[in-house]
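Quick notes on the structure that follows.
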There are 2 protein chains.
Amino acid sequence: MNANPKYRRIYDALKKDILSGNYAVGDILPSENTLCAEYSVTRTTVRKALDELEGEGYVYRHHGKGSIVKDRRKSLGLLSVKGFSETVGSGASSRLVYQQELTWEMTSFGFEPTEKELHSKCILFCRQRFVEGAPVMVEVSAIAKEIVPGFDAGKFTDGSFFKTLSSNYLLEITGSEQIIRASMPEGSIASLLEVGEDTPILHVRVRYSTSKPGYYVYSTLYCNTSVYPLSSSHKVRS
Amino acid sequence: MNANPKYRRIYDALKKDILSGNYAVGDILPSENTLCAEYSVTRTTVRKALDELEGEGYVYRHHGKGSIVKDRRKSLGLLSVKGFSETVGSGASSRLVYQQELTWEMTSFGFEPTEKELHSKCILFCRQRFVEGAPVMVEVSAIAKEIVPGFDAGKFTDGSFFKTLSSNYLLEITGSEQIIRASMPEGSIASLLEVGEDTPILHVRVRYSTSKPGYYVYSTLYCNTSVYPLSSSHKVRS
DNA sequence: TAGTGGTCTAGACCACTGG
DNA sequence: CAGTGGTCTAGACCACTAG
């Protein structure tokens with residue numbers, strides 16, 4: 001039951017329809033009861049799917065009206081745990097800058113590697129991200145070699161690291177922790193972002209948890225936020 | 001039923017015990033069934049409370065083990081919709097820099113005021129935030145005058161804006177949207193943060209939604225992240 | 001194995017929004 | 001008013017964890 005709960009199917013379908021534009025901003029999704037009938041489930045299950053969408057900022061709920069598609073501004077929206085390709089959508093592309101293999105001691109992601117990870121070598125790779133042809137982000141990522149045999153950052157499914165983890169290695173991303181700073185880019189980052197070393201950069205350290213306990217994906221993001229800022233949304237107390 | 005759902009009591013009690021240290025980092029909370037008995041509710045209700053805590057990063061759930069108190073690092077952690085005083089806790093203080101009244105047209109928070117808000121004047125105030133005596137954040141906030149009669153930013157309950165909204169005006173914060181950039185501080189901000197104009201600053205624009213439909217709290221934060229970065233955590237797919 | 005959290009059913013009553 | 005989402009009950013079966 002684990003991999004495919006029913007609410008996931010509903011969540012996936014609705015999200016796909018939102019991202020594809022089948023539901024536009026301001027549109028009201030089918031009511032909870034309608035979805036119950038459509039998917040032959042109870043409201044609890046439908047609401048679980050809608051809760052996820054709401055938590056990720058795709059919709060908001062209006063008591064007595066319905067679930068309404070939100071305007072997720074033109075921004076990178078990274079804080080809701082999705083890869084670059086999935087949040088930015090069309091107009092996005094990326095390029096592999098390098099991939100190498102080294103020991104964890106030589107890396108620094110702001111999080112300590114786990115014991116399990118220290119038993120393995122570390123694969124480090126750097127990607128440059130573009131929106132509409134302009135570089136907006138540089139991402140340095142690391143993952144334990146032993147859980148991704150034959151890993152090649154140049155051959156990602158749909159250009160997505162996370163999709164590749166899922167399809168090739170059955171690894172799912174289950175969450176993230178982020179530490180966010182403003183800083184100045186060092187030379188190599190500045191040139192990859194095509195900005196001067198006096199341009200302030202958003203510096204985000206992320207640790208993604210995976211479905212394999214004790215193993216994480218570490219990323220450091222350098223974002224030029226002058227055109228595309230990050231965005232996020234949260235809701236409290238239901 | 002609206003103001004005080006049962007899950008809120010459970011949520012409040014657990015959160016209080018976590019913040020006060022009754023449950024330390026790594027501790028396992030009472031099991032869901034135990035909480036059911038203690039509060040005479042069903043698991044659905046208990047889980048709703050735990051879902052909230054998990055979403056705010058206070059605990060994580062370990063299948064087969066329990067709900068475990070998380071380490072919420074020493075950081076400003078603003079991204080989870082709480083005021084400064086509540087997230088930083090002891091060691092935090094703030095100072096009112098100014099408060100004034102003007103029209104919305106003269107403000108710019110990156111979000112458009114609503115029609116309801118435009119019918120009212122706007123109260124603008126600026127606070128300087130300290131951790132351990134050092135300024136780490138400057139916050140410029142705005143709220144519609146008509147929903148907070150007699151407002152005085154110099155006389156907040158416990159020094160907390162949000163607590164004041166709740167206790168004096170029965171206004172609850174129900175969510176937030178944030179836009180995050182890295183930038184250079186202009187002169188006045190730089191001096192309030194006691195940094196040079198060449199120090200990169202985290203620039204966060206926030207719109208908090210309130211329990212009063214159509215009315216928001218707007219804030220612009222300027223953070224010196226060199227010592228206290230922002231942090232956040234997210235979980236996906238349950 | 002007993003206990004935990006994860007998912008789900010099939011109901012119920014309520015408060016809110018709209019016509 | 002009928003329909004919507006918000007909350008809640010009282011069950012159930014499952015997968016995971018630990019002793």
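In what follows, every chain begins at residue 1, and chains take the letters A, B, ... in the order their sequences are listed. What's counted below: heavy atoms across the whole structure, side chains too, no hydrogens, waters or symmetry copies. Keep in mind it's a predicted model, so treat the numbers as computed, not measured.
- The shortest distance between the side-chain N/O atoms of A/K48 and the OP1/OP2 oxygens of C/dG6 is not below 4.0 Å.
- At least one cation-pi condition fails for B/K70 and B/Y60: the charged atom is not both under 6.0 angstrom from the six-membered ring centre and inside a 45 degree cone around its axis.
- Looking at residues two or more places apart in sequence or on another chain, you find a side chain to side chain donor-acceptor pair (under 3.5 Å) between A/K145 and A/E101.
- Within the structure, a side-chain polar atom (N or O) of B/T45 is placed less than 4.0 Å from OP1 or OP2 of D/dT9.
- Atoms OH (B/Y11) and P (D/dT7) sit 13 Å apart, rounded to a whole Å.
- Whole-Å rounding puts the B/Y39 OH to D/dT7 C1' distance at 18 Å.
- A/I68 places its CD1 atom 19 Å from the P atom of D/dG3, with the value rounded to the nearest Å.
- Residues satisfying the side chain to side chain donor-acceptor pair (under 3.5 Å) criterion with B/S31, sequence neighbours excluded, are B/T34.
- Nearest heavy atom pair, residue A/Y216 against residue A/S209, reads CD2-CA, 3.5 Å.
- Helical stems in DNA chain D, defined as runs of 3 or more consecutive Watson-Crick or G-U wobble pairs with both donor-acceptor distances under 3.5 Å, are listed by first residue as C:1-16 with D:3-18.
- Regarding contacts with the backbone of D/dT7, a side-chain N or O of B/Y7 is found under 4.0 angstrom from either OP1 or OP2.
- Under the side chain to side chain donor-acceptor pair (under 3.5 Å) criterion, B/N22 pairs with B/D17, sequence neighbours left out.
- For the pair A/R61 and A/D51, the salt-bridge criterion is met [side-chain N within less than 4.0 Å of a carboxylate O].
- In this structure, the NZ atom of B/K6 is 12 Å from the C1' atom of C/dC13, given to the nearest Å.
- Both tests do not hold together for B/R207 against B/Y218: distance to the six-membered ring centre under 6.0 Å, angle to the ring axis within 45°.
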All N/O pairs under 3.5 Å across the protein-nucleotides 3-5 of chain C interface:
{"residue": "C/dG3", "atom": "N2", "partner": "B/G64", "partner atom": "O", "Å": "3.3"}
{"residue": "C/dT4", "atom": "OP1", "partner": "B/S31", "partner atom": "OG", "Å": "3.3"}
{"residue": "C/dG5", "atom": "OP2", "partner": "B/E32", "partner atom": "N", "Å": "2.7"}
{"residue": "C/dG5", "atom": "N2", "partner": "B/H63", "partner atom": "NE2", "Å": "3.0"}
{"residue": "C/dG5", "atom": "N3", "partner": "B/H63", "partner atom": "NE2", "Å": "3.1"}

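- For the residue pair A/G159 and A/R127, the shortest heavy atom distance occurs at O-NH1, 4.0 Å.
- Counting to the nearest Å, the C1' atom of C/dG6 and the OH atom of B/Y60 are 17 Å from each other.
- In this model, the phosphate group of D/dG11 is not approached by any side-chain N or O of B/T42 to a distance below 4.0 Å at OP1 or OP2.
- Listed by chain and residue number, B/E146 satisfy the side chain to side chain donor-acceptor pair (under 3.5 Å) test with B/Y215 (two or more places apart in sequence, or in another chain).
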